Every structure is written in C-alpha cells, then in structure tokens.
Visitor: 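I have a structure I would like to understand better, so I am pasting it below and will then ask my questions one at a time.
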Amino acid sequence: MINFVNDPEHDRFTAAASGSLGEIVSEIGLCINIAYNLIRSRNPAAGQHFQGALRFMLRPESPVWEKEDVQDHQEGGKFVHVVDLDKEVPHE
C-alpha cells in the first residue's frame, strides 16, 4: 500500500508505504502507468515527453537516488514499512 500526498498550498508532503518491496514498487509502477495513459490519451506527444522525462529522471546519476536520512513526522508524515524482504524472489 502506498499513499503519497503533496499539498503545496499548505507546504505539506505526506508519504506512507507498506508491504513487500515488490508490492511497493509495483504500486508505484501502476501510478506511473495510470498517469502516462491519462496524459497520452489527451495528448500523445505529451505522453512521449512524460515517458522520456521519467526515463531521464530514473538514470543512475539522477538526484532521485541521493541518500539522506528522513525523520518521520516533522513536516507531514513519512512512513515506510517493508515486510518479508527475505522472501523476495528476484525475477530474471
């Protein structure tokens, strides 16, 4: 289960994720798929730009992968609970 809410009007970001690593990644993928198809169905060129921007953003050198410690419940809620990490089966 994932729930990310960005509320710039009140300068708050709330994040919660729970489940196996595969479940969390799959749900994030589903959100990207839905956003892509909503954009693409209205404007195919914008859909292609969205796809390209995401591919660029997820490159290994992207700032997305910068590591930092995140404290829970300072400004907005932040919670992640990964379960059964030892039971994950990698797919080839």
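On a predicted model such as this, the values are computed, not experimentally measured, just so you know.
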Visitor: Hydrophobic clusters here meaning ILVMFWY residues chained together by side-chain heavy-atom distances under 4.5 Å, can you tell me if Val5 and Ile28 are in one?
Guide: no
Visitor: Which heavy atom of Met1 sits nearest to which heavy atom of Glu27, and what is that distance?
Guide: N-OE2, 3.2 Å
Visitor: Using atom types as modelled and distance alone, determine if a side-chain donor or acceptor of Ser26 lies under 3.5 Å from a backbone N or O of Gly22.
Guide: yes
Visitor: Holding to side-chain hydrogen bond (donor to acceptor under 3.5 Å, both in side chains), I want the full list of residues that pass it with Glu61, two or more places apart in sequence or in another chain.
Guide: Arg59
Visitor: Linking Ile, Leu, Val, Met, Phe, Trp and Tyr through side-chain heavy atoms less than 4.5 Å apart, which residues share a cluster with Ile34?
Guide: Leu30, Leu38
Visitor: Using modelled atom types and a 3.5 Å cut-off, is there a donor and acceptor pairing between side-chain atoms of Asn37 and backbone atoms of Asn33?
Guide: yes
Visitor: Testing the basics here: between Leu58 and Trp65, what is the closest heavy-atom pair and its distance to 0.1 Å?
Guide: O-NE1, 3.4 Å
Visitor: Which pairs would a plain distance check flag for residues 46-56, meaning a side-chain donor or acceptor within less than 3.5 Å of a matching protein atom at least two apart in sequence or in another chain?
Guide:
none

Visitor: Could you walk me through whether Ile24 and Ile2 satisfy the side-chain contact (heavy atoms from CB on, under 4.5 Å) test, starting with their C-alpha distance in whole Å, then the side-chain angles of each, then the deciding distance to 0.1 Å, before giving a yes or no?
Guide: CA-CA 7 Å; Ile24 294 169; Ile2 62 167; 3.9 Å; yes
